[in-house]
Protein chains: 2
Amino acid sequence: MAAKTYSISELARELDVTTRTIRFYEEQGMLTPTRRGQERIYTPRDRVALKLILRGKRIGFSLAECKTLIELYDPQGDNRNQLTLMLGKIAERRLQLEQQLLDIQQMQLELDTAEERCRAALQQIPEAG
Amino acid sequence: MAAKTYSISELARELDVTTRTIRFYEEQGMLTPTRRGQERIYTPRDRVALKLILRGKRIGFSLAECKTLIELYDPQGDNRNQLTLMLGKIAERRLQLEQQLLDIQQMQLELDTAEERCRAALQQIPEAG
DNA sequence: TGTAGCGTTGACGTTTACGTAAGCGTGCTG
DNA sequence: CAGCACGCTTACGTAAACGTCAACGCTACA
């Protein structure tokens with residue numbers, strides 16, 4: 001059974017990006033859809049890669065960093081060195097993610113106090129019109 | 001007692017950015033140090049603002065977004081509309097942070113399986129030299 | 001048959017976030 | 001007093017991440 005495939009505009013609609021963006025990611029070697037003639041055909045695997053990219057971007061990774069995320073996902077590891085390198089990259093990412101968690105928690109705290117200040121200030125205003 | 005102040009290079013060293021970057025943030029209206037002649041003098045408040053910017057950047061906020069973070073921190077709220085607007089912005093940020101938490105958790109899971117695959121593959125390799 | 005929708009390939013434009021270099025003043029210090 | 005560290009402004013350069021045409025090909029369909 002042939003797995004489902006997607007057109008570029010299907011993917012674009014579903015994941016809320018432009019087709020230009022998808023083609024750009026391909027230019028950068030982050031996606032490698034097959035072709036039917038000229039037309040790009042995307043597999044579920046391509047779709048996953050694209051989602052990885054977008055998720056990475058949401059937490060501020062550069063496209064280059066997203067690319068390594070895809071490499072982590074792809075089972076390309078064949079020799080010992082590659083694999084050890086890969087484990088290193090993974091550990092690096094973990095550290096980065098943990099820093100981001102701290103940053104987010106810190107920001108949430110700051111939003112708490114900001115909101116408190118706002119509400120307090122609103123209390124001070126009798127009943128503005 | 002006058003609070004501590006900082007020179008631009010002190011801040012740069014401590015927070016690991018270039019002086020160029022600090023001046024750039026000022027150009028963008030995100031920092032407003034006082035002057036002693038030409039020289040910029042930074043207060044602890046400026047330092048906090050800078051830290052907010054850097055933290056924001058680490059989790060992928062644009063400088064424009066970081067600027068609103070600073071506004072949230074600054075008690076500039078004086079009239080009712082401003083304050084209500086501010087509360088809206090705060091709520092927005094919260095949603096964004098929660099999405100980022102989800103993204104990070106998801107990535108951590110993916111790193112888990114990536115690491116597992118790596119280790120499994122390493123087991124397969126007898127004892128490469 | 002034309003026109004609307006989907007796809008393609010260039011190629012140039014734009015915004016963001018700084019880097020880099022030139023040229024200058026200030027203040028210590030060997 | 002030469003040189004170095006530190007600071008300033010002005011201004012051009014640049015990499016990343018797309019946006020925005022232009023010009024074209026297929027297919028369906030009213």
Side-chain angles (χ1 to χ4, degrees), chain A residues 4-43 46-47 49-71 93 96 99-100 103, chain B residues 4-43 46-47 49-71 93 96 99-100 103:
Chain A
K4 183 170 178 9
T5 63
Y6 309 82
S7 76
I8 194 169
S9 56
E10 269 177 327
L11 272 190
R13 259 190 305 277
E14 183 193 344
L15 301 183
D16 196 32
V17 290
T18 67
T19 59
R20 173 69 179 94
T21 297
I22 295 180
R23 290 195 199 96
F24 177 73
Y25 292 160
E26 180 178 349
E27 270 180 58
Q28 304 306 303
M30 315 175 71
L31 298 175
T32 48
T34 59
R35 300 283 181 133
R36 177 167 52 209
Q38 289 273 71
E39 194 179 350
R40 290 166 173 85
I41 308 294
Y42 297 88
T43 66
D46 295 319
R47 183 167 161 280
L50 183 47
K51 289 180 90 171
L52 274 178
I53 297 173
L54 299 177
R55 186 182 301 133
K57 286 208 60 190
R58 277 198 301 274
I59 54 179
F61 288 171
S62 71
L63 290 191
E65 288 171 316
C66 291
K67 199 168 170 182
T68 81
L69 287 177
I70 293 177
E71 288 162 16
R93 291 290 151 205
Q96 198 168 352
Q99 175 62 56
Q100 293 188 322
D103 285 330
Chain B
K4 182 169 179 14
T5 63
Y6 308 83
S7 76
I8 193 168
S9 55
E10 270 178 327
L11 273 189
R13 260 191 304 276
E14 184 193 345
L15 302 182
D16 195 31
V17 289
T18 67
T19 59
R20 172 69 179 95
T21 297
I22 296 180
R23 290 193 200 98
F24 176 74
Y25 292 160
E26 180 178 350
E27 271 181 57
Q28 305 304 305
M30 315 175 70
L31 297 174
T32 49
T34 58
R35 300 282 181 135
R36 177 167 53 209
Q38 288 271 71
E39 196 178 348
R40 291 167 172 84
I41 307 294
Y42 297 89
T43 66
D46 293 319
R47 183 168 161 280
L50 184 47
K51 288 180 91 170
L52 273 178
I53 297 172
L54 300 177
R55 187 182 300 134
K57 286 205 59 187
R58 276 198 301 272
I59 54 179
F61 287 169
S62 71
L63 290 190
E65 288 171 315
C66 291
K67 199 168 170 182
T68 80
L69 286 177
I70 294 177
E71 288 162 16
R93 289 291 149 205
Q96 198 169 351
Q99 174 63 56
Q100 293 188 321
D103 285 329

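So you know, we letter chains A, B, ... as the sequences are listed, proteins then strands, and number each from 1.
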### Task
Sequence neighbours left out, what passes side chain to side chain contact (heavy atoms under 4.5 Å, CB included) with T34(B)? Give chain and number order.
I41(B)
### Message
Which heavy atom of Y6(A) sits nearest to which heavy atom of E10(A), and what is that distance?
### Response
CA-OE1, 3.2 Å
### Query
Just how far, in rounded Å, is P of dG7(C) from OH of Y6(A)?
15 Å
#### Entry: Residues in side chain to side chain donor-acceptor pair (under 3.5 Å) contact with R36(A), at least two apart in sequence or another chain
none
### Query
Any side-chain heavy atom of R93(A) within less than 4.5 Å of one from T68(A)?
yes
With 3.5 Å as the limit, what N/O pairs link the protein to nucleotides 22-24 of chain D?
none

### Task
Using the test salt bridge (Lys or Arg N to Asp or Glu O under 4.0 Å), find all partners of R20(B) that sit at least two apart in sequence or belong to another chain.
E27(B)
### Base-paired stems that DNA chain C participates in, counting runs of 3 or more Watson-Crick or G-U pairs under 3.5 Å
C:1-30 with D:1-30
### Message
Students often get this wrong, so: under 4.0 angstrom with heavy atoms, is R36(A) touching a base, only sugar-phosphate, or nothing?
### Response
nothing
### Task
Mind checking side chain to side chain contact (heavy atoms under 4.5 Å, CB included) for K51(B) and listing every partner two or more places apart, or none if nothing turns up?
L15(B), R47(B)
### Message
Once side chain to side chain donor-acceptor pair (under 3.5 Å) is applied, do any residues pair with R40(A), and if so which ones, sequence neighbours excluded?
### Response
E26(A)
### Message
Applying side chain to side chain donor-acceptor pair (under 3.5 Å), can you list everything that pairs with T43(B), at least two apart in sequence or on another chain?
### Response
D46(B)
### With Q100(A) via side chain to side chain contact (heavy atoms under 4.5 Å, CB included) - residues at least two apart
I59(A), F61(A), L97(A), I59(B), I104(B)
## Note on the structure
In short, I70(B) meets M30(B) closest at the heavy-atom pair CD1-O, 3.6 Å
### Y42(B) vs L50(B), side chain to side chain contact (heavy atoms under 4.5 Å, CB included): CA-CA, chis, key distance, verdict
CA-CA 10 Å; Y42(B) 297 89; L50(B) 184 47; over 6 Å; no
## Note on the structure
Residue set satisfying side chain to side chain donor-acceptor pair (under 3.5 Å) with Q99(B), at least two apart, ordered chain then number -> D103(B)
### Query
CD of E27(A) versus C1' of dG19(D): gap in Å, rounded?
13 Å
### Summary
Quick tally for nucleotides 15-29 of chain C: nucleotides whose base has a protein heavy atom under 4.0 Å get B, sugar-phosphate-only ones S, the rest -, giving --BBBB---------
### Summary
Nearest heavy-atom approach of A12(B) to T19(B) is CB-CG2, 4.0 Å
### Query
Taking CD1 from I22(A) and P from dC6(C), how many angstroms apart are they, rounded to a whole number?
14 Å
Set out, line by line, the N/O atom pairs under 3.5 Å between protein and nucleotides 4-7 of chain D.
unit_1 : atom_1 : unit_2 : atom_2 : d
dC6(D) : O3'    : S9(B)  : OG     : 3.4
dG7(D) : OP1    : S7(B)  : OG     : 3.1
dG7(D) : OP1    : S9(B)  : N      : 3.2
dG7(D) : OP1    : S9(B)  : OG     : 2.5
dG7(D) : OP2    : S9(B)  : OG     : 2.8

### For atom CG of L31(A) and atom P of dC18(D), their distance in whole Å
12 Å
